[in-house]
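What follows is one structure encoded as structure tokens, with my remarks underneath.
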Number of protein chains: 2
Amino acid sequence: MQKTGQPTINDVARIAGVSKKTVSRVINRSPLLNDDTRKRVEDVIGELGYIPNPQARALALRRNFLIGLVHDNPNAQTVLNVQQGMLEALQGTEFEMVVRPLDRGSATMLDDLRHFLERQRLFGVLLMPPVSENDSVAKLCDSIGCRYVRMGSAVIDDSEHMVASNDREAVRTATEYLIEQGHRRIGLVAGPHGFRSARERRLGFEDALAAAGIALPRSMIADGNYTFESGLVAAERLLDVMPRPTAIFSSNDEMAAGIIHAARQRGLDIPRDLSIIGFDDTPIAAHVWPPLTTVRWPIASMARSAALKLIAGADDGSDLVEEPSLFLSTLIRRASVSPPADADT
Amino acid sequence: MQKTGQPTINDVARIAGVSKKTVSRVINRSPLLNDDTRKRVEDVIGELGYIPNPQARALALRRNFLIGLVHDNPNAQTVLNVQQGMLEALQGTEFEMVVRPLDRGSATMLDDLRHFLERQRLFGVLLMPPVSENDSVAKLCDSIGCRYVRMGSAVIDDSEHMVASNDREAVRTATEYLIEQGHRRIGLVAGPHGFRSARERRLGFEDALAAAGIALPRSMIADGNYTFESGLVAAERLLDVMPRPTAIFSSNDEMAAGIIHAARQRGLDIPRDLSIIGFDDTPIAAHVWPPLTTVRWPIASMARSAALKLIAGADDGSDLVEEPSLFLSTLIRRASVSPPADADT
DNA sequence: CATAATCTTGACACCGGTTACCGATTAAGA
DNA sequence: TCTTAATCGGTAACCGGTGTCAAGATTATG
């Protein structure tokens with residue numbers, strides 16, 4: 001009788017002349033096992049092309065091998081970078097990634113997430129900003145008994161549950177660079193309220209100006225929501241102020257692209273009339289003209305690290321190389337910054 | 001003794017005073033079941049918050065509830081749109097999406113994919129372009145016994161395995177629009193070789209010109225690879241030709257954005273000096289200045305339909321509403337097209 | 001050489017659901 | 001009343017792996 005489908009552990013055991021338990025030992029690399037037996041079983045496995053059934057394994061081990069990526073981030077490139085970094089970490093393991101976009105602002109968001117976690121009984125979840133900044137989401141994971149790691153722009157949880165970048169410091173450095181170049185009238189296009197990243201970046205901006213003794217009038221701050229349009233609108237406002245700012249720090253690249261457009265529509269030359277620094281270093285930063293000086297946000301590395309943190313201890317703690325929890329962003333100097341044309345300090 | 005963990009089917013059966021078989025019947029919506037009993041069991045399920053263990057179900061039913069999204073598309077927005085559409089279709093079902101990016105051009109791509117499919121024993125996979133255009137990938141799925149649905153820009157498989165847009169016709173319509181506006185010297189920035197979409201779009205462009213009796217000199221065609229930079233480079237070439245084209249069709253939006261930049265660097269006004277049409281209608285199309293006239297590619301709807309096609313027949317064929325296989329793209333008229341300034345026909 | 005300690009290995013129950021088979025109970029129809 | 005059908009339970013086997021525990025083989029020790 002022709003066996004259909006994949007070979008099972010029983011087939012391997014029968015052909016190798018051992019018990020299924022022994023085959024199981026081979027699969028799980030049990031150390032208490034004769035080398036000859038192991039070799040023989042491995043040969044049969046290779047010959048048959050046997051692959052253990054993940055569902056059966058999951059059932060017997062009482063845990064599955066699914067890791068969730070929970071996100072409500074509007075930036076496609078960012079989400080994909082995170083997926084990329086996460087999958088890198090999962091590469092070679094038996095874990096798979098399942099993706100769960102959340103509808104930010106939806107009243108049922110928390111219930112949706114609970115339902116998702118309970119149904120699938122995930123091994124763990126990786127929380128992307130901005131949903132990762134929501135403490136009740138973390139509490140929910142805890143109460144369900146689902147491991148989680150949060151990604152964010154500031155440390156808001158212990159190192160076991162958090163992978164963060166240091167946006168405040170990075171923006172401070174970037175702003176200091178503008179000051180070093182001679183800028184004194186520097187505008188800020190801030191991110192949306194409720195985003196921790198927006199807050200941290202704004203704080204870093206204020207830090208730098210305060211340290212340099214530069215006043216920051218309210219008129220030099222415009223709100224945005226991380227979209228191209230909002231950057232454009234915010235720039236209209238800032239560029240209406242007289243005297244005009246000679247430089248603008250934008251809380252992300254997308255808005256910086258909007259600022260560039262607004263400036264160009266007014267006939268301003270970048271960087272001669274207006275210097276701009278963005279944040280993220282998404283592809284758009286290199287595409288705009290002139291190429292955007294920006295802060296590189298290592299989101300893919302963060303995701304990779306977060307995923308490793310999540311699955312650490314899943315195996316026998318063999319590779320318990322403590323994953324870093326804090327990532328430093330670096331300033332990428334391109335062509336959108338120069339000293340101000342009118343040195344009027 | 002305090003029971004830890006989730007309630008099992010046995011708990012439900014005991015409390016409801018029925019057998020686990022009956023509970024199973026309720027879960028699987030067996031028709032031969034008294035309404036009273038069903039109600040009682042459902043109440044207990046709700047009370048306990050019982051959720052069937054997906055792994056155990058998958059094991060017993062000999063199939064799992066994972067659907068793969070296989071992609072090697074470089075456009076983040078496109079990939080995310082597909083994920084969005086796919087998850088919409090999976091909403092409310094017991095299926096989950098696992099994502100598998102493939103390294104295009106990698107020699108081991110096919111082996112990677114095989115390994116993935118065999119390990120996870122997916123219920124099915126959704127193939128995104130351009131990998132979906134690879135027949136050996138489809139053959140691989142077949143040989144492994146994994147259902148698949150391909151997405152693409154032309155019908156290259158039977159309707160059971162294919163969801164396609166009609167790019168050729170859409171581009172023909174778009175090009176005809178340029179001709180109607182009075183353009184006669186129309187350039188094409190083509191997509192990369194090996195992309196079916198690139199070929200279809202080029203054919204549609206040629207169709208329109210041939211039908212209008214307009215010659216298409218080789219100098220009016222420039223190759224690109226769907227990136228911003230390649231669009232910029234291609235535009236440099238086309239705009240060097242004398243007499244200059246008065247309009248350019250770009251095979252995607254990203255390249256169209258590059259073309260806009262190139263034109264602006266030369267001091268050309270869009271659309272007065274140069275009309276441009278793109279393809280995809282990604283967010284970038286609305287962000288550039290002027291807003292880009294483009295062809296809307298309903299990729300999210302296609303993904304949704306593809307996913308539904310994939311899981312159709314998973315249930316008892318109850319909802320066998322034949323999913324559409326062909327999607328029509330529509331022309332979105334914005335501000336990047338006008339009649340040519342120099343009517344020299 | 002006897003005995004203990006160690007290494008290998010297999011029998012068996014179990015994870016949490018499923019189906020198959022058969023029997024029991026109840027209700028409806030003849 | 002008897003037949004028939006619908007509804008449900010009991011038991012058992014099964015999906016394809018895992019843990020426990022003890023037996024048999026091997027080696028070290030007295």
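The structure presented is a predicted model; accordingly, all values stated were derived computationally and were not measured. Within every chain, numbering begins at 1; the chains are lettered A, B, ... in the order of the sequence lines, protein sequences first and strands thereafter.
No salt bridge links B:Glu96 with A:Arg119; every basic N to acidic carboxylate O contact stays at or beyond 4.0 Å. With respect to A:Asp135 and A:Arg150, a salt bridge is recorded, a charged nitrogen being found less than 4.0 Å from a carboxylate O. The pair A:Asp43-A:Lys39 meets the salt-bridge criterion, with a side-chain N (NZ, NE, NH1 or NH2) lying under 4.0 Å from an Asp/Glu carboxylate O.
Nucleotide D:dG24 holds its P atom 19 Å from the CG atom of A:Asn34, rounded to whole Å. Rounded to a whole Å, the CZ atom of B:Phe65 is 11 Å from the C1' atom of C:dG17. Atom NZ of B:Lys21 is separated from atom P of D:dA12 by 16 Å (rounded to the nearest Å). Residue B:Arg25 contributes atom CZ, which lies 10 Å from atom P of D:dT7 at whole-angstrom precision. Atoms CG (A:Asp36) and C1' (C:dC7) sit 13 Å apart, rounded to a whole Å. Regarding A:Leu33, its CG atom lies at a distance of 8 Å from the C1' atom of C:dT8, rounded to whole Å. The nearest whole Å value for the distance from the CG atom in B:Asn64 to the P atom in C:dG17 is 17 Å. Between the CZ atom of B:Arg63 and the C1' atom of C:dT19 there is a distance of 15 Å, rounded to whole Å.
Using a 3.5 Å distance cut-off with no hydrogens or angles, the side chains of A:Ser30 and A:Asn28 do not pair a donor with an acceptor.
Other residues, nucleotides and ligands contribute more than 12 heavy atoms inside 6.0 Å of the CZ atom of A:Arg100.
For B:Ala307, the side chain to side chain contact (heavy atoms under 4.5 Å, CB included) test picks out B:Met86, B:Ala89, B:Leu90, B:Leu126, with sequence neighbours left out.
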Distances for protein N or O near nucleotides 15-17 of chain D N or O, under 3.5 Å:
{"unit_1": "D:dG17", "atom_1": "OP1", "unit_2": "A:Tyr50", "atom_2": "OH", "d": "2.9"}
{"unit_1": "D:dG17", "atom_1": "OP1", "unit_2": "A:Asn53", "atom_2": "N", "d": "3.2"}
{"unit_1": "D:dG17", "atom_1": "OP2", "unit_2": "A:Ile9", "atom_2": "N", "d": "2.8"}
{"unit_1": "D:dG17", "atom_1": "OP2", "unit_2": "A:Tyr50", "atom_2": "OH", "d": "3.2"}
{"unit_1": "D:dG17", "atom_1": "O5'", "unit_2": "A:Tyr50", "atom_2": "OH", "d": "2.9"}
{"unit_1": "D:dG17", "atom_1": "N7", "unit_2": "A:Lys20", "atom_2": "NZ", "d": "2.8"}
{"unit_1": "D:dG17", "atom_1": "O6", "unit_2": "A:Lys20", "atom_2": "NZ", "d": "3.1"}

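For D:dC8, the OP1/OP2 oxygens have no side-chain nitrogen or oxygen of B:Ser19 closer than 4.0 Å.
In this structure, B:Val18 reaches the sugar-phosphate backbone alone: every heavy-atom distance under 4.0 Å involves primed, P, OP1 or OP2 atoms, never a base.
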